[in-house]
Student: 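Here it is, the structure in full.
The shown structure was predicted, so the numbers you read here are calculated from the model rather than taken from an experiment.
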Amino acid sequence: MTYTLIDGRKVSTDIKNEISQKVAERKALGRKIPHLAIILVGDDGASQTYVDNKVKSCKSVGFHYTMMRFADTISEEKLLKHIDHVNNDDDVDGFIVQLPLPPHISVEKITEKIRSDKDVDGFTNHNFGSIISKNPLLMPATPFGVMELLRRYNIDTEGKHAVVVGASRIAGAPLSMMLAEQGRATVTICHKFTKDLGSYTRSADILLVAVGKPGLITADMVKEGAVVIDIGTTRVEGPQYPKGWAIQGDVDFKAVAPKTSYITPTPGGVGPMTIASLLLNTLRATELQHP
């Protein structure tokens with residue numbers, strides 16, 4: 001079977017171009033330019049890379065941005081005060097606290113402290129719960145990106161059997177809700193406690209995997225003609241890689257791709273869409289707060 005590669009880099013570039021146009025229009029009309037604030041705690045290498053990419057993307061679409069860096073020794077109480085300050089800053093339309101956080105700081109406490117109309121990661125309970133409403137608010141960025149890929153590639157989800165492997169709050173859980181509510185799909189959720197995973201994945205018209213376990217999905221676990229969306233990203237080290245490491249997805253791409261109708265690569269599939277979705281959420285937050 002000849003498959004179509006779902007190009008997240010191209011789609012994210014298209015989205016950034018659309019956002020740039022809207023920012024230019026707002027500027028011409030004298031309206032507020034979107035302003036994203038980013039809080040980074042500690043010096044985790046991967047987090048620094050993600051943040052650098054977000055800053056670069058803000059620049060590319062004409063957003064204003066503020067970087068706030070804190071040592072990993074900052075107390076939870078002090079970090080909460082900084083979040084209060086950003087919540088009350090009318091010039092900031094959206095902000096994110098880059099995860100992971102040091103062990104002594106509660107992710108739940110920090111997330112829930114963020115004002116929901118500025119929560120452009122879509123992590124607060126208010127935004128998360130709105131997924132199943134008729135008027136969803138700011139959507140969790142990664143699943144929002146997946147839904148946008150499906151939409152832009154005209155992949156029909158209505159009435160299809162979607163199997164989501166992975167039930168995390170960041171990806172799998174909200175994605176399953178979006179597929180059911182907005183995509184009108186029939187959804188099965190699998191996770192690390194699921195027995196005989198292949199018996200579920202083989203029945204999927206659309207298989208979406210977000211576990212972080214390289215090569216979890218093999219060719220015998222996918223039915224002919226399925227749409228496969230690989231959300232997992234893991235840095236794998238070894239002498240066989242030119243850089244000494246490589247980014248791998250949860251799907252054994254080479255073996256699985258020939259059986260599919262559509263498939264995302266890793267890297268270059270879902271990854272770029274997460275930042276594009278973050279930018280879309282920031283623009284929307286600005287439009288809601290400053291029409």
Student: So which heavy atom on P214 is nearest to which on V236, and how close?
Tutor: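 In this case the closest contact between P214 and V236 is CG-CG2, 3.9 Å.
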Student: Quick one: does K16's side chain have a donor or acceptor within less than 3.5 Å of a partner on S60's backbone?
Tutor: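 No, the answer is negative, given that no donor and acceptor are paired below the 3.5 Å cut-off.
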Student: Test I131 against every option in P140, P136, P143 by the side chain to side chain contact (heavy atoms under 4.5 Å, CB included) rule and name the one that passes.
Tutor: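 Result: among P140, P136, P143, P140 is the only option passing the side chain to side chain contact (heavy atoms under 4.5 Å, CB included) with I131.
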Student: Check whether any side-chain N or O of K118 sits under 3.5 Å from a backbone N or O of A285 as a donor-acceptor pair, and report yes or no.
Tutor: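 No, the answer is negative, given that no donor and acceptor are paired below the 3.5 Å cut-off.
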Student: Does a side-chain heavy-atom distance below 4.5 Å link S277 with E148?
Tutor: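 They are not in contact (no side-chain heavy atoms under 4.5 Å apart), so the answer is no.
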Student: Check whether any side-chain N or O of S133 sits under 3.5 Å from a backbone N or O of N135 as a donor-acceptor pair, and report yes or no.
Tutor: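 Side chain of S133 to backbone of N135, a donor-acceptor pair under 3.5 Å: yes, one is there.
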Student: Of the options V165, T260, V228, which is the one that meets V251 in a side chain to side chain contact (heavy atoms under 4.5 Å, CB included)?
Tutor: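 It is V228, the one option of V165, T260, V228 that forms the side chain to side chain contact (heavy atoms under 4.5 Å, CB included) with V251.
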Student: Keeping D89 on the side-chain end and D91 on the backbone end, is there a donor-acceptor pair under 3.5 Å?
Tutor: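 Present.
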Student: One pair to check against ring pair (Phe, Tyr, Trp, His ring centres under 6.0 Å): Y65 and H35. What are the steps and the verdict?
Tutor: CA-CA 5 Å; Y65 67 91; H35 182 172; 8.2 Å; no
Student: Taking all heavy atoms of C190 and all of T194, pick out the closest pair and write down the distance.
Tutor: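 Looks like CA-OG1, 3.4 Å.
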Student: Does R202 come within less than 4.0 Å of E224, counting only side-chain N to carboxylate O?
Tutor: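 No.
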Student: I would like to know whether M67 and V55 meet side chain to side chain contact (heavy atoms under 4.5 Å, CB included); could you show each step before the answer?
Tutor: CA-CA 8 Å; M67 260 303 306; V55 167; 3.9 Å; yes
Student: Could you tell me whether a side-chain N or O of Q248 sits under 3.5 Å from a main-chain N or O of T266, the two making a donor and an acceptor?
Tutor: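 Pair absent, no side-chain N/O of Q248 close to backbone of T266.
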Student: Examine the side chains of D52 and Q48 and answer whether a donor and an acceptor come within less than 3.5 Å of each other.
Tutor: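 Judged by distance alone, the side chains do pair up.
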Student: When you measure from the side chain of Q289 to the backbone N and O of D117, does any donor-acceptor pair fall under 3.5 Å?
Tutor: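 Answer holds: yes.
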Student: Is a side-chain donor or acceptor of D250 paired with a backbone partner of V211 at a separation under 3.5 angstrom?
Tutor: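 Flag set: sc D250 to bb V211 pair under 3.5 Å.
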Student: Would a single hydrophobic cluster contain both L40 and L36, if residues Ile, Leu, Val, Met, Phe, Trp and Tyr are joined by side-chain heavy-atom contacts under 4.5 Å?
Tutor: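 L36 and L40: one cluster.
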Student: Is there a path of hydrophobic side-chain contacts, each under 4.5 Å between heavy atoms, that joins V23 and L138?
Tutor: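 V23 does not cluster with L138.
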Student: Whether the side chain of H104 engages the backbone of I74 through a donor-acceptor N/O pair (distance < 3.5 Å, no angle test) should be reported.
Tutor: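 Checked: pair present.
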Student: Tell me which one of D230, V227, I217 satisfies side chain to side chain contact (heavy atoms under 4.5 Å, CB included) with L207.
Tutor: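 Of D230, V227, I217, side chain to side chain contact (heavy atoms under 4.5 Å, CB included) with L207 is met by I217 alone.
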Student: Has R169 got its NZ or CZ under 6.0 Å from the middle of the six-membered ring of F123, at an angle within 45 degrees of the ring axis?
Tutor: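 No - R169 does not lie over the ring of F123 by the 6.0 Å and 45° rule.
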Student: Between M147 and L179, what is the shortest heavy-atom contact and its length?
Tutor: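 For M147 versus L179, the nearest heavy atoms are SD-CD2, 3.8 Å.
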Student: Using only heavy-atom distances, determine whether the side chains of T124 and S116 contain a donor-acceptor pair under 3.5 Å.
Tutor: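 No, no side-chain donor-acceptor pair sits under 3.5 Å.
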Student: Grab the two heavy atoms, one from A257 and one from I263, that are nearest each other, plus how far apart they are.
Tutor: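 Residues A257 and I263, closest heavy atoms: CA-CD1, 3.9 Å.
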Student: Assess whether side chain to side chain contact (heavy atoms under 4.5 Å, CB included) is satisfied between K54 and S57, documenting all intermediate values.
Tutor: CA-CA 5 Å; K54 287 166 186 173; S57 295; 5.7 Å; no
Student: Using every non-hydrogen atom in the two residues, find where S261 and G225 come nearest and quote the distance to one decimal.
Tutor: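 Taking every non-hydrogen atom into account, OG-O, 2.8 Å.
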Student: With distance as the sole criterion, is a donor-acceptor pair present between the side chains of D252 and T218 under 3.5 Å?
Tutor: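 T218 and D252 do not have a side-chain donor-acceptor pair below 3.5 Å.
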Student: Is a donor on one side and an acceptor on the other found under 3.5 Å between the side chain of S75 and the backbone of K78?
Tutor: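 Answer holds: yes.
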Student: Indicate, with yes or no, if I39 and L99 share a hydrophobic cluster defined by side-chain heavy-atom contacts under 4.5 Å among Ile, Leu, Val, Met, Phe, Trp and Tyr.
Tutor: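 Cluster IDs for L99 and I39 match.
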Student: As a quick check of understanding, evaluate side chain to side chain contact (heavy atoms under 4.5 Å, CB included) for T286 and I33, giving each step before the final call.
Tutor: CA-CA 8 Å; T286 308; I33 302 303; over 6 Å; no
Student: Is any NZ, NE, NH1 or NH2 atom of the basic residue among D205 and K223 found under 4.0 Å from an Asp or Glu carboxylate oxygen of the other?
Tutor: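 The answer is yes: the pair qualifies as a salt bridge.
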Student: Tell me the closest heavy-atom pair linking D93 and K32, and the distance in Å.
Tutor: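 The answer is OD2-NZ, 2.7 Å.
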Student: Side chain to side chain contact (heavy atoms under 4.5 Å, CB included), that's the test. Do R152 and I15 meet it? Break it down for me.
Tutor: CA-CA 10 Å; R152 290 185 182 235; I15 289 171; 3.5 Å; yes
Student: As an exercise, state the distance from CD1 of I6 to CG of L149, rounded to the nearest 0.5 Å.
Tutor: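 Nearest 0.5 Å value for the CD1-CG distance: 6.5 Å.
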